[in-house]
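These values consider heavy atoms only, across backbone and side chains, with no hydrogens, waters or symmetry-generated copies. One-based numbering, in listed order, for ligands and for the atoms of each.
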Amino acid sequence: MNPDIPLQLLGGITAREFLRDYWQKKPLLIRQAIPDFESPIDADELAGLALEEEVESRLVIEHGERPWELRRGPFAEDAFSTLPEREWTLLVQAVDQFVPEVAELLEHFRFLPSWRIDDVMISFAAPGGSVGPHFDNYDVFLLQAQGKRNWKIGQMCNSESPLLPHADLRILAEFEQSEEWVLEPGDMLYLPPRLAHFGIAEDDCMTYSVGFRAPSAAEVLTHFTDFLSQYLTDEERYTDADAQPVSDPHQIQGDALDRLKSLLAEHMSDERMLLTWFGQFMTEPRYPEMVAGEDLAEEDFISSLEDGAILVRNPSARMAWSEVDDDVLLFASGQSRYLPGKLRELLKLVCSADALHSENLGAWLADEDGRDLLCELVKQGSLGFADE
Ligand code: SIN
Ligand code: CO
């Protein structure tokens, strides 16, 4: 993707300009980012998803005395018929994993690494509905899909920002409004992490949130060190073969810290391990149970493809790839696999194509490593045959 082409999605600026001036820095309102956008799913279908066991959903209801009550899904069918006329919001997480037309929306965001994208959350609110003034720790693009929403933005927040006493929701105690807009279908608002925002539905209102993910420093440290430790033997430990006589046996001296620092540095600077862990971590599926593989024989698999079968990416799978010296490393749904560099173009195709078939796979179907890779991805559940 050429980063210097002006994008309608970004209001006519280029991806390069957006990344330089706005991404992680400041909000951007884009009128008609997706002109006349029409939601591929309506309020009833969204409510239908919220009944499903495997779908994460929430209802936020505003009562006069008990503002912003949170109810968690899955919901019973009558949960919606008893709702008041105004002031409630239904939020459904990761709709892109359940509705392919919603997943297609992510194609607009290919100027950002796909492994930074978390999910598309969709909210439907009755007039006056909101989830209260709050901040998120992630970047988000808020696309108006139906009706109008009034968005107010406020101050930059952090973990010290005062919150209302609320058991389930993080609602800001103070909101210092700086700007306000009414968004109509197709309009989009980009918000950097930690910027206070408050969106109130003006009528029956549907908003898509394209949310991003970034591991916290605490997550990086705990998960990377857990990953590393699996490969360390018990013999590898603190050593002090160079120790000098001590003047006070109870004192921990600087030389002990130096030895610890070099022990840590030796492991922490292992770039291969870091890359392997990071790729696995960032491609871990949100719902691992939805990435179930199937057993199949490679000959049957290849003949199905040759006979016109189509492979598609499991919507719950995440994939990424990287280069290591002359090899390539494929990450698929939390697993990694070193592959010969000649498979680079196949990896790119597997990560980006909507569908794989004999036409776009072409000569790869005759390559033993290529065939083996495709077959493994089906066995692992990241790819699957499209339903006829
Ligand atoms: C909403 O869609 O109502 C809330 C989205 C958000 O503020 O993160
Ligand atoms: Co938010």
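Gln144 and Thr207 share a donor-acceptor pair across their side chains, judged by distance under 3.5 Å alone. Defined by atom type and a distance below 3.5 Å, a donor-acceptor pair is missing between the side-chain atoms of Glu17 and Tyr22.
Remark: Arg213 fails to qualify as a cation-pi partner of Tyr138 under the 6.0 Å distance and 45° angle criteria applied to the six-membered ring. By the 6.0 Å and 45° rule, Arg149 stacks over the aromatic ring of Trp151.
Near Arg149, the atoms of ligand 1 lying under 4.0 angstrom from a non-hydrogen atom of the residue are 3 (O). Atoms of ligand 1 lying under 4.0 Å from at least one heavy atom of Asp136, given by number and element, are 8 (O). The distance from ligand 1 to the heavy atoms of Ser209 drops below 4.0 Å at these ligand atoms: 5 (C). Atoms of ligand 1 found under 4.0 Å from any heavy atom of Trp151 (numbered from 1 in listed order, with element): 7 (O). Those atoms of ligand 1 with a heavy atom of His197 less than 4.0 angstrom away are 6 (C), 7 (O), 8 (O).
Of the possible donor and acceptor atoms, none in the side chain of Lys152 sits under 3.5 Å from a partner among the backbone N and O of Phe175.
Residue-environment remark: CD (Glu289) exceeds the threshold of 12 foreign heavy atoms within 6.0 Å.
Of the polar atoms of Thr89, none of the N or O atoms is found under 3.5 Å from an N or O of ligand 1, judged by distance alone.
Taking the Co ion (ligand 2) as reference, Asp136 places its N/O/S atom OD2 nearest.
In terms of protein heavy-atom proximity, atom 6 (C) of ligand 1 is nearest to His134 NE2, 3.6 Å. At the top of the distance list for atom 1 (C) of ligand 1, counting protein heavy atoms only, stands Ser123 OG, 3.5 Å. Here the protein heavy atom with the shortest distance to atom 4 (C) of ligand 1 is Val131 CG2, 3.9 Å.
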Exercise for the section: Check step by step if side-chain hydrogen bond (donor to acceptor under 3.5 Å, both in side chains) holds for Ser123 and Tyr208. Expected result: CA-CA 7 Å; Ser123 71; Tyr208 283 38; over 6 Å; no
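Assignment of Gly199 to the shell around ligand 1 is not supported, since no heavy atom sits closer than 4.0 Å.
The two residues Leu142 and Ser209 have their closest heavy-atom pair at CD2-OG, 3.3 Å.
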